[in-house]
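Reckoned from all heavy atoms, side chains included, excluding hydrogens, waters and symmetry mates. Computed from a predicted model, the values in this text were never measured in an experiment.
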Amino acid sequence: MKQVAQNYRSGELTVLDVPAPACKPGGVLVRSLFSLISTGTEMMKVSEARMSLLGKARARPDQVRKLVDAVSQQGVVATYHKAMDRLDSYTPLGYSLCGVVVEVGPGAEQFAVGQLVAAAGNEFALHAEVNWVPVNLCVPVPAGVAPEHAAFATVGAIAMQGVRRAEASLGETACVIGLGLIGQLVVRLLVASGVQVVGLDTVEARCRAAEKAGAVACAIPDDAGLAQLERVLLERTGGLGADHVLLAAGGDSNRPVEIAARLARDRARVVDIGKTRLDLPWNAYYDKELDVRFSRSYGPGRYDDRYELEGVDYPAGYVRWTERRNLGCFLDLLAEGSVDVASLVSGVHPVDEAVTVYDRLASGELTGVGFLLSYGAVEDLTQPVERTVTATSVPAPRPARPRGSSGALRAGFLGAGNYATSMLLPHLRDDQDVELVSVATTTSLSAVNAQRKFGFRTVSTDVDAVLDDDRLDAVFVVTRHASHAELVCAALERGHTVFVEKPLALGEEQLTRILDVVAATGNDRLMVGFNRRFAPLVVDLRHRMDGAGAGPVTTRYLVNAGQLSTGSWYLNEELEGSRFTGEGGHFIDTLSALVGHPPVEVYAAGGGSDLHVTLRFADGSVGTVSYVTNGSARFPKETLDVSRGGRTGRLDNFKKIEVWSSGGTSSKRALTGQDKGQRDQLRRFVEAARTGAPMPIPLDSLAATTRATLAVGTSVATRLPVTW
């Protein structure tokens, strides 16, 4: 299928051939008829992508701060490469469309195949021929509403939420500053509500369009225009001024905020809908005691994964107008004729011409506020969508061969997110003994980005396309945590050698299921990505400590994990498990490698995400893991102390080790920067998978580490040690 995308590093816009998304539970597949280009938000994003690196940094100071913190942890070179890799990827455009339902997922039975719907969301309602949309971001289109008009529903909901935040009532007066697409819709909604409206915009044609839609008067905000509009406003309000000022403008100028204070009455409301500069002139806003409010996107539910992704609605008695109800309300207004958007349609262009349309908008050659991309009629609802695409720029696939035979390891990937593309795939791409054959991802562009960077022959959004690929020798599972156990079992049952990122399982039942599959199939070719034991400095430290002779080992591991960003999927503990369940196996496995035995007892205490874990080993060794999230981002993420037989060693964030003994002190630094062992781990795995040699970490060790990790949660809950 076709999808419009942009490379954020180069600014390149293109229409790609990508696999269609899968129809997941809780949503529907929608074949697009029309999608709306946001001449405000989208064009701002397009322009930002075309800036220099310095310009991007100035535009996104929040990301610069993250990079500074990353440098202190990973070093300049590693941080630079990781940042450039993330920038050099195709990102989607679009967030408002109308189309036809072609497939209904479990839990979305309120919709039916063939139903005309409007869809929202900058991850779902994209400029693409087919999109998967969750139920709370999808609404039926009422009879009589043209599809090209229904495509305005998302921006209509944004405007409606702004009007709701203003709490404008019948007979009041409002001033709309910025008469682009959102501003025009705000004017129409206010007029439909019985509110007197005036407006300001730098484009004369937009002022006249707003007046035609019912605004009392609109003007250009120069001295003359502003004075004229102020006279009209004061005449209409008996000298009071506007009850509400709605900021629908964008840009770096602070003038809209200053004008708002001038035109507002005493104790008026100022509502920010757009992305404009907000350096509030204190005296002006204080003197009138202005109430400044923000309007967040389409309405309540936005940015809440439980609402948007899991379909958990808010009760109408508590939240009357959610984003979905705003979408539906706007469509109802269109059906009733209370609001008209036909006059806002400035042009309709085939999706193939998308790049030209964006370029003409950026240059100013195209004027207007509402531009639609069209995708043609949906003639056959039974026609299956294509979820697998084979590259034409790489050699044709070779025939299947018996697993374990000589030659390059043929690998398939399930998942190609940030970790896979930065820590695993670059090493495999550069390995002459590896051939990257197929990849399946949740989103279409993730698959295409992986193909472009790493040369996969086949890309798909269907995991079975990889699992059932007989060409493969090994399957890498690098998806979100909740899916690991199921995918590992499916891959083992098909006879693949499997590499899975931690954690192996989120519960004892999942672990038992994996071990049962191993027993039933005889396929124990399994590796978990516990890379730290393969880190060169950890290997060196282990050898030095072994030189101290036999006897128990005492270890202390401090993990300065830090805070998660808002919206991180790691925060969904109900689905993905706790942070320590997801990450803790790394540290327990590292201590097990240093001791030479798996743990036999776990005791843990703590609150929230902060934990202190004590591990006892069969030989009398003891280890502790302190996992903290409230430390400084500039402090090293991982420090490890080891003592044995009169020697003490320290690992400093995989950059340096020091060992103290009776003979003095010795140290070693990583010459190539921080190395957590991913390269050596993969080298060992590839060799074992190619030759049939034993796996780098025995299965019983993988199971023991997983059990110990799970036992941490049990111990915290019961306040008792867990022994096995």
Testing the basics here: between [X] and [Y], what is the closest heavy-atom pair and its distance to 0.1 Å?
X	Y	value
Asn630	Asp610	N-OD1, 4.0 Å
Met1	Ala128	CE-CB, 4.0 Å
Val498	Ala491	CG2-CB, 3.5 Å
Ser438	Val466	OG-CG2, 3.8 Å
Thr441	Ser446	OG1-CB, 3.7 Å
Tyr90	Leu445	O-CD1, 3.9 Å

task: Mind checking the CZ-OG1 spacing from Phe413 to Thr479? Nearest 0.5 Å is all I need.
output: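 OG1 of Thr479 is found 11.5 Å from CZ of Phe413.
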
message: Once rounded to the nearest 0.5 Å, what's the spacing between atom OH of Tyr8 and atom OG1 of Thr91?
response: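 One gets 8.5 Å once the value is rounded to the nearest 0.5 Å.
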
If you count every heavy atom of other residues, nucleotides or ligands that lies below 6.0 Å from [X] atom [atom1], does the total exceed 12?
X	atom1	answer
Arg650	CZ	no
Arg669	CZ	no
Lys24	NZ	yes

Is there a donor-acceptor pair closer than 3.5 Å between any side-chain N or O of [X] and the backbone N or O of [Y]?
X	Y	result
Arg556	Ser643	no
His484	Glu501	yes
Gln3	Leu16	no
Ser701	Pro698	no
Glu576	His481	yes
Lys453	Asp88	yes
Ser578	Thr581	yes

Using a strict threshold of under 4.0 Å (side-chain N to carboxylate O), is an ion pair present between [Y] and [X]?
X	Y	value
Arg471	Glu435	no
Glu583	Lys637	yes
Arg690	Glu687	yes
Arg387	Asp464	no
Asp433	Arg683	no

- request: Show your reasoning for whether side chain to side chain contact (heavy atoms under 4.5 Å, CB included) applies to Asn572 and Asp305.
  value: CA-CA 9 Å; Asn572 188 352; Asp305 284 350; 5.9 Å; no

query: Will you find, in the side chains of Ser460 and Thr388, an N or O donor that is under 3.5 Å from an N or O acceptor?
result: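 Note: Ser460 and Thr388 side chains meet the donor-acceptor criterion.
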
message: Ignoring hydrogens and geometry beyond distance, is a side-chain donor-acceptor pair present between Glu601 and Thr723 at under 3.5 Å?
response: yes

- request: Fit a plane to each ring of Phe685 and Phe476, take the angle between them on a 0 to 90° scale, and name the class: parallel (under 30°), tilted (30 to 60°) or perpendicular (over 60°).
  value: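 Ring orientation of Phe685 relative to Phe476: perpendicular.
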
- prompt: Does NZ or CZ of Arg579 fall inside the cone over Tyr627's six-membered ring, less than 6.0 Å from its centre and within 45° of the axis?
  reply: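 Verdict for Tyr627: no cation-pi partner in Arg579.
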
Below 3.5 Å, can you tabulate the donor-acceptor pairs from side chains in residues 526-540 to any protein atom, sequence neighbours excluded?
{"residue": "Asn531", "atom": "ND2", "partner": "Lys676", "partner atom": "O", "Å": "2.7"}
{"residue": "Arg532", "atom": "NE", "partner": "Glu638", "partner atom": "OE1", "Å": "2.9"}
{"residue": "Arg532", "atom": "NE", "partner": "Glu638", "partner atom": "OE2", "Å": "3.2"}
{"residue": "Arg532", "atom": "NH1", "partner": "His586", "partner atom": "ND1", "Å": "3.3"}
{"residue": "Arg532", "atom": "NH1", "partner": "His586", "partner atom": "NE2", "Å": "3.3"}
{"residue": "Arg532", "atom": "NH2", "partner": "Glu638", "partner atom": "OE2", "Å": "2.6"}
{"residue": "Arg533", "atom": "NE", "partner": "Asp589", "partner atom": "OD1", "Å": "3.3"}
{"residue": "Arg533", "atom": "NE", "partner": "Asp589", "partner atom": "OD2", "Å": "2.9"}
{"residue": "Arg533", "atom": "NH2", "partner": "Asp589", "partner atom": "OD1", "Å": "2.8"}
{"residue": "Asp540", "atom": "OD1", "partner": "Arg544", "partner atom": "NE", "Å": "2.4"}
{"residue": "Asp540", "atom": "OD1", "partner": "Arg544", "partner atom": "NH2", "Å": "3.4"}
{"residue": "Asp540", "atom": "OD2", "partner": "Lys668", "partner atom": "NZ", "Å": "3.3"}

message: Less than 4.5 Å apart, side chain to side chain, heavy atoms only: is that true for Val463 and Glu486?
response: no

